[in-house]
Amino acid sequence: MLALAPQDLRLDVNALDYLILALYFAVVVGIGFAARRAIRSSSDFFLAGRALPAWITGLAFVSANLGAIEILGMAANGAQYGLMTVHYYWIGAIPAMVFLGIVMMPFYYRSKVHSVPEFLRRRFNPATQLFNAIAFAVAQVLIAGINLYALALVMEALLGWPLWLSVIVSAAIVLAYITLGGLSSAIYNEVMQFFVIIAGLVPVVVLGLIRVGGFEGLGQKVRESVLGEGGLHTWSTTATTDNPLGASWIGIVFGLGFVLSFGYWTTNFAEVQRGLSARNTNAARLTPIVAAYPKLLIPVVTVIPGLVALVLFSNLGKDGGPAYNYAIPLLMNEFLPNGVLGVAVTGLLASFMAGMAANISGFNTVFTYDIWKGHVNGDKPDEFYVRLGRIATVGGVVAGIGTAFIAAGFSNIMNYLQALFAFFNAPLFATFIIGLFWKRMTPWAGFWGIIAGTLAAFAVYIPYRADLIDLGTDLNASFVAAGAAFLVDAIVSVVITLVTTPKPEEELRGLVYGLTDVDLKDDSLAGDRAWYRSPVVLGSGALVLAAAFYLPFL
Amino acid sequence: MLFDIRRILGGLFAVYGVILVVAGLLDGAEEIAKAEGVRINLWTGIGMLVLAGVFLLWERLRPKDVPDPSDDTSGDA
């Protein structure tokens, strides 16, 4: 085993690697310019003209979630928790993605809304829209800033770039392509980023497996590592919390698989927006389902490198050694010669930027439609809102840069805030699911349900972080906080509904299950009836695969 | 659709593929030893060329990925 000091993180990059990186950025900005020519209306800028096929929106959907923090973090989890990390994918993502595609997407797409908050206005009232819009907008800018700061830290460690240089360069590139091309630019770049990051990670996985003696050798060495036998199982150790993840099967199924994952995947606008840009209802429904297939396989390029790093580097995650988050960069340094190394660095940088671009493109839409058009000034000509969207992009990026520099000074506070923002989604799912299936649910029930649910999450999580209550691990604390948010939201929604007036049925057509909007045309295309374009068939296939993938690792 | 992403993906990976294949052929003993005895640049480059070929061929065989709409869905501004 190799012992490493932090300074060993510096990669030996040369001109060839920088050429690969520069080519990528040239293409990214080029896409922005090309996309700009096609923008004639606000629909083009904010919804990519609603013209994209499902394979593009689907890959963008998976990519918007495949930021570098996610990749490095899941490899870190792989090293720390072993194979139980796959729960974040197979039960913590796939079922919710399939549910979004089959059940919820038709409501989002066919109501022709631009955003999740706008849907809340149509189903409930403007107050609900405004609360959700402001919470979302603030969270997106702060998360974009935290993303930038994380990117700058990694670039400083790997390439020796000063912090401010990475922040300014990457913010400028994201700014350029979103301001120019809007959502289409963001989506096209996400598709490209998906392939580059995979191309950069696959060589790391292959060479890592060769070094440790294939899957068999890896299993053997994990058994001998600090993780032990528990690092190789997913379910058989979950009768109690005595396993690497510190979670029982109840926590995994209901906490991770239901409350946290359905809240994130079905109501997070930065994700749902990809589906709204699809060309018709069928393509919108297929968006998260197409995304589910690559999502099933992503653990191969995150969890496996994490385990390889664990068995190769003796002091990974220990005092004085490199942090778990550096599992993948350490392997890049260990195995990749110049050339492929450039591809891997490009993939990492690209995924940082794609994560930030998803935040910013969600932010500019919500700011323009839900805050400005909805609550400040709603009767300007269409071009005004395209211009406003561009200005909001600049504002969002500048605020993100500011956040990045604040994060550099107060990184603990930023981590804490980021954890809190995760809880804006947990109550939303309760509101959505009740509002979709219970037409009586009233506008003010929507508003107070979300407020009460959000406060409930904070009321659990803040005392936990302040050490006032003991909830075991961080993961368990987030299960409990999200669960509390869900329950309180549901109870408050029902109680308020019983004492307030519901909307007339006419206004709810197309927004509630069972109340179809008879004026809507069928927008299906020739070929949509084929089995390989059926959301139900493909969605079921993803669920079956997710269950089957568990079998060798029970 | 404004322009075809398949052509851009195909183009980028073709260029990357050529760069990596050349780098792979020029790799010396040191680079090969680092990558566990595998000419990783060469193999990754070949993989990228295949991927580029798939995208370019797909675009050529089905130039318009969008089948004609059965009714007009444009006009929702």
Side-chain angles (χ1 to χ4, degrees), chain A residues 16 19-20 23-24 27 30-31 34-39 41-44 47-53 55-56 59 112 181 184 187-188 191-192 195-196 199-200 202-203 206-211 279-281 334-343 346 382 521-528, chain B residues 1-52 54-55 58 62 64-77:
Chain A
L16 179 63
L19 171 69
I20 289 171
L23 274 172
Y24 184 80
V27 175
I31 288 179
R36 182 182 187 178
R37 288 182 305 160
I39 289 175
S41 70
S42 60
S43 170
D44 293 334
L47 288 172
R50 284 170 65 116
L52 299 173
W55 73 270
I56 292 182
L59 287 177
K112 298 224 162 99
S184 11
I187 285 181
Y188 279 18
V191 173
M192 196 163 77
F195 289 103
V196 174
V202 167
V206 171
L207 297 178
L209 281 173
I210 293 176
R211 166 75 68 87
R279 67 187 176 200
N280 67 357
T281 311
E334 179 72 16
F335 294 121
L336 300 186
N338 297 113
V340 176
L341 181 63
V343 176
T346 304
D382 194 59
K521 281 188 287 183
D522 179 11
D523 63 356
S524 58
L525 299 165
D528 276 355
Chain B
M1 218 183 342
L2 44 142
F3 52 88
D4 206 311
I5 185 73
R6 291 172 294 181
R7 192 177 301 170
I8 296 171
L9 287 168
L12 179 73
F13 280 101
V15 173
Y16 275 1
V18 169
I19 292 176
L20 288 186
V21 165
V22 172
L25 292 174
L26 298 177
D27 274 344
E30 193 194 334
E31 283 84 5
I32 296 172
K34 184 178 185 187
E36 299 296 304
V38 179
R39 278 188 182 270
I40 194 71
N41 275 331
L42 182 65
W43 286 110
T44 311
I46 291 173
M48 285 180 163
L49 288 176
V50 171
L51 184 66
V54 169
F55 277 116
W58 180 14
R62 292 191 58 188
K64 202 159 155 251
D65 186 55
V66 192
D68 290 322
S70 54
D71 61 0
D72 187 15
T73 53
S74 64
D76 46 341

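A note on names: the letters A, B, ... follow the listed sequences, proteins ahead of strands, and every chain is numbered from 1. Values below: every heavy atom of this structure, side chains too, minus hydrogens, waters and symmetry copies. The structure displayed is predicted, hence computed values, not measured ones.
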> Side chain, backbone, both or neither: which part of A:Asp44 has a non-hydrogen atom closer than 4.5 Å to chain B?
neither
> For the interface with chain A, which of B:Glu31, B:Met48, B:Glu36 has the highest count of heavy-atom pairs at distances below 4.5 Å?
B:Glu36
> Can you give me the closest heavy-atom contact between B:Ile40 and A:Pro337, atom names plus distance?
CG2-CD, 3.3 Å
> Picking from A:Leu336, A:Leu47, A:Val191, which has the most non-hydrogen pairs under 4.5 angstrom with chain B?
A:Leu336
> At a 4.5 Å cut-off on heavy atoms, which part of A:Thr346 comes close to chain B: side chain, backbone, both, or neither?
side chain
> Please lay out, stage by stage, how B:Thr44 and A:Val343 fare under the test side chain to side chain contact (heavy atoms under 4.5 Å, CB included).
CA-CA 10 Å; B:Thr44 311; A:Val343 176; 5.7 Å; no
> Would you mind telling me which of B:Gly45, B:Ala23, B:Ala35 has the largest number of heavy-atom pairs within less than 4.5 Å of chain A?
B:Ala35
> Passes side chain to side chain contact (heavy atoms under 4.5 Å, CB included), B:Leu12 versus A:Val196? Steps please.
CA-CA 10 Å; B:Leu12 179 73; A:Val196 174; 4.2 Å; yes
> Side chain, backbone, both or neither: which part of A:Leu16 has a heavy atom under 4.5 Å from chain B?
side chain
> Apply side chain to side chain contact (heavy atoms under 4.5 Å, CB included) to A:Ile187 and B:Ile5, showing your working.
CA-CA 10 Å; A:Ile187 285 181; B:Ile5 185 73; over 6 Å; no
> So among A:Val27, A:Ile20, A:Leu23, which one has a side-chain contact (heavy atoms from CB on, under 4.5 Å) with B:Val15?
A:Leu23
> Which residue in the set A:Leu341, A:Asn338, A:Val340 passes side-chain contact (heavy atoms from CB on, under 4.5 Å) when paired with B:Asn41?
A:Val340
> Chain A heavy atoms under 4.5 Å from B:Leu51: which part of the residue, side chain, backbone, both or neither?
side chain
> Apply ring pair (Phe, Tyr, Trp, His ring centres under 6.0 Å) to residues A:Phe195 and B:Tyr16 and explain how you reach the verdict.
CA-CA 12 Å; A:Phe195 289 103; B:Tyr16 275 1; over 10 Å; no
